[in-house]
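Shown next, in structure tokens, is the structure this report addresses.
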Amino acid sequence: MEFLRNSFITISVIPIVPFLIVYFAGIGLKKEKKSTFLLAMDVTTLFLLLSVSALFNIIFDSGWGFYLILLIVLISTGLIGGAQNRLKGKVDKKRLLRAVWRLTFFFMTVSYILFLFVGLIRYISQAM
């Protein structure tokens with residue numbers, strides 16, 4: 001059990017690892033590259049959410065990073081759902097959730113890189 005816990009923590013700290021594992025496993029199983037890439041994105045989003053919220057909490061010395069990200073995701077879901085309702089007259093829940101999840105992947109990747117550099121700069125400046 002301890003091994004699973006430590007593995008999950010390690011994967012959460014470095015979210016590129018689950019992406020690479022899922023992607024290369026899919027390629028190894030002779031799956032289509034596009035669907036494998038999208039599946040790897042979907043799996044990695046969960047780890048990115050955890051990593052970015054932890055980095056946010058460390059950088060800004062707060063405890064509400066996860067809740068802020070969750071609020072942003074919920075607001076995005078409402079905005080995209082409202083736009084979909086205006087354009088098509090109905091909300092396709094599956095497409096809505098897929099769009100929000102993939103946008104979350106994009107923004108969490110950018111946030112992870114940004115917070116990683118900010119955290120490194122802050123750590124180096126405090127060490128000097």
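Source: prediction; values computed, not measured.
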Give the cluster check for Leu46 versus Ile113: same hydrophobic cluster or not, with ILVMFWY residues linked at side-chain heavy-atom distances below 4.5 Å. no
Could you state whether Leu49 and Val110 fall into the same hydrophobic cluster, counting links through intermediate Ile, Leu, Val, Met, Phe, Trp or Tyr residues with side-chain heavy atoms under 4.5 angstrom apart? yes
Kindly indicate, with the supporting measurements, whether the criterion ring-ring contact (aromatic ring centres under 6.0 Å, His included) is fulfilled by Phe37 and Phe19. CA-CA 8 Å; Phe37 184 79; Phe19 182 86; 5.4 Å; yes
What distance do Leu120 atom CG and Phe117 atom CZ have between them, rounded to the nearest 0.5 Å? 7.5 Å
Under 4.5 Å between any side-chain heavy atoms of Val118 and Leu55, yes or no? no
Could you pull out the closest heavy-atom pair between Thr36 and Ile27, with the gap in Å? CG2-N, 4.0 Å
If you define the side chain from C-beta out and look only at heavy atoms, does anything of Ile75 sit under 4.5 Å from Leu79? yes
Linking I/L/V/M/F/W/Y whenever any side-chain heavy atoms sit under 4.5 Å apart, do Leu97 and Ile69 land together? no
Going by side chain to side chain donor-acceptor pair (under 3.5 Å), name the residues that satisfy it together with Asn85, two or more places apart in sequence or in a different chain. none
Residues at least two apart in sequence or cross-chain that pass salt bridge (charged side-chain N to carboxylate O under 4.0 Å, His left out) with Arg102, listed by chain then number, are Asp42
Side chain of Ser35, backbone of Lys31: donor and acceptor closer than 3.5 Å? no
Between Leu71 and Val52, is there shared hydrophobic-cluster membership here, with clusters defined by ILVMFWY side-chain heavy atoms closer than 4.5 Å? no
So Met41 and Trp101, do their side chains get closer than 4.5 Å, heavy atoms only? no
d(Thr77 OG1, Ile72 CD1) to nearest 0.5 Å is 11.5 Å
Please verify the inter-ring angle class for Phe56 with Phe60; under 30° counts as parallel, over 60° as perpendicular, anything in between as tilted. tilted
Within one Ile-Leu-Val-Met-Phe-Trp-Tyr cluster: Ile14 and Tyr123, side-chain cutoff 4.5 Å: no
Do Leu38 and Lys34 make a side-chain contact, defined as non-hydrogen atoms from C-beta onward lying under 4.5 Å apart? yes
Would you call Val22 and Thr44 a side-chain contact if the rule is heavy atoms closer than 4.5 Å? no
Working to the nearest 0.5 Å, report the span between CG of Leu96 and OG of Ser76. 10.0 Å
Are side-chain heavy atoms of Lys88 and Arg95 found at a separation under 4.5 Å? yes
Taking atom CZ of Phe66 as the centre, report whether more than 12 heavy atoms of other residues, nucleotides or ligands fall under 6.0 Å from it. no
Closest heavy-atom pair and its distance - Ser53, Gly65: CB-C, 3.9 Å
The reported gap from CG in Asn57 to OH in Tyr67 (rounded to nearest 0.5 angstrom) is 9.5 Å
